[in-house]
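Here is the naming used below: chain letters follow the sequence lines, and residue numbers restart at 1 for every chain.
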Amino acid sequence: MTAPNPLPRSFYEGDSREVAPRLLNKLLVHGELAGRIVEVEAYAADEDPASHAFRGETARNRTMFGAPGLLYVYFTYGMHFCANAVCGDVGWAHAVLLRALHPVRGLDVMRARRPAARRDRDLANGPAKLCSAFAIDRDLDGADLVTDDRGVTIVDDGTPPPDEPGRSARIGISVAVDEAWRWYVPGDAHLSRPEPRRARAAAP
DNA sequence: ACCGGGATGTTCT
DNA sequence: GAACATCCCGGTG
């Protein structure tokens with residue numbers, strides 16, 4: 001078992017579609033809370049019409065244009081926050097949306113923050129649910145995951161990503177809907193959507 | 001189980 | 001004024 005260390009800056013450098021599947025099974029840590037990343041989506045800078053960065057830098061997406069390894073938090077639908085790991089490079093605004101966590105540590109705190117979650121599997125199985133459970137909001141936009149300057153980081157506890165991650169189109173977008181830039185840990189109970197049933201070997 | 005609608009506020013057209 | 005990288009609740013089967 002390796003000692004849990006924050007991922008280095010170099011881990012986040014490069015195209016989000018390469019970084020995203022490598023983030024699976026890493027641990028998101030905020031203070032005493034920890035959860036395993038089991039579902040992510042890549043947003044590919046200015047070549048991706050679904051990306052907040054597609055039309056260039058604005059006040060809202062400024063963090064995406066900063067250093068890889070920053071946390072980009074945005075507010076949506078009037079009440080929810082979503083969190084991304086910034087990738088790419090300065091000015092090359094790739095990002096990986098964290099879509100679902102498998103809670104590992106601090107479940108009692110998460111339950112208190114997520115009263116609507118009837119089962120523990122509902123605590124962090126969605127991009128806004130995980131932010132609520134982990135108390136991630138606009139105050140943490142721009143936090144550095146590498147230096148852990150504000151208590152939020154992503155660490156490697158020695159669990160490798162899946163050899164063959166699940167893959168699908170991204171969820172909740174209205175453009176670039178055919179790009180299969182969502183990855184997940186197959187069989188995990190904490191995904192934001194149930195995994196599609198595998199095709200049968202034979203018809204009934 | 002699945003589906004439909006409402007909540008709520010920021011951002012950009 | 002529309003859109004929004006969503007969630008929750010209450011309806012119907």
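Taking the six-membered ring wherever Trp is involved, the centroid distance between the rings of A:His52 and A:Tyr74 falls below 6.0 Å.
B:dC3 and C:dA5 are spaced 22 Å apart, taking the C1' atom of each and rounding to whole Å.
Side-chain contact check for A:Ser132 and A:Arg113: no donor-acceptor pair (N or O, by modelled atom type) lies under 3.5 Å.
Geometrically, A:Arg22 engages A:Phe11 in a cation-pi contact, judged by NZ or CZ lying under 6.0 Å from the ring centre and within 45° of the ring axis. Cation-pi check for A:Arg138 over A:Phe75 is met; the charged atom lies under 6.0 angstrom from the ring centroid and within 45 degrees of its normal.
Within the shown strands, C:dC7 is the pairing partner of B:dG6 under the Watson-Crick or G-U definition, both distances less than 3.5 Å.
For A:Asp144 and A:Arg9, the salt-bridge test passes: some basic side-chain N is under 4.0 Å from an acidic carboxylate O. Ion pairing between a basic and an acidic side chain is recognised when a charged N comes within 4.0 Å of a carboxylate O; A:Arg105 and A:Glu32 show no such pairing.
Atom CG in A:Asn84 sits roughly 11 Å away from atom P in C:dT6 (whole-Å rounding). Taking atom CG of residue A:Leu130 and atom C1' of nucleotide C:dC7, one finds them 13 Å apart after rounding to whole Å. Taking atom CZ of A:Phe54 as the reference point, atom C1' of C:dC4 lies 17 Å away to the nearest angstrom. Note: OH (A:Tyr184) to C1' (C:dA5) measures 18 Å, nearest angstrom. As a whole-Å value, the separation of A:His52 NE2 from C:dA3 P is 15 Å. Taking atom CG of residue A:Asp137 and atom P of nucleotide C:dT6, one finds them 18 Å apart after rounding to whole Å. For A:Tyr43 and C:dC4, the OH to C1' distance is 12 Å, given to the nearest whole Å. Atom CG in A:Asp48 sits roughly 10 Å away from atom C1' in C:dA5 (whole-Å rounding).
The side chain of A:His80 sits closest to C:dT6 out of C:dC4, C:dA5, C:dT6.
Within the nucleic acid shown, A:Arg114 comes within 4.0 Å of sugar-phosphate atoms alone, with no base atom in reach, counting heavy atoms only. Counting any heavy atom pair closer than 4.0 Å across all strands shown, A:Ile173 reaches sugar-phosphate atoms only and no base atom. Using a 4.0 Å heavy-atom cutoff across all strands shown, A:Ala50 reaches at least one base atom of the nucleic acid.
Side-chain N/O atoms of A:Arg118 include none lying less than 4.0 angstrom from OP1 or OP2 on C:dC8.
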**OP:** Check step by step if side chain to side chain contact (heavy atoms under 4.5 Å, CB included) holds for A:Trp181 and A:Val40.
**Re:** CA-CA 8 Å; A:Trp181 293 345; A:Val40 293; over 6 Å; no
Original post:
Can you give one letter per nucleotide of nucleotides 8-13 of chain B, 5' to 3': B if a protein heavy atom sits under 4.0 Å from the base, S if only from the sugar-phosphate, - if neither?
Top reply: BBS-SS
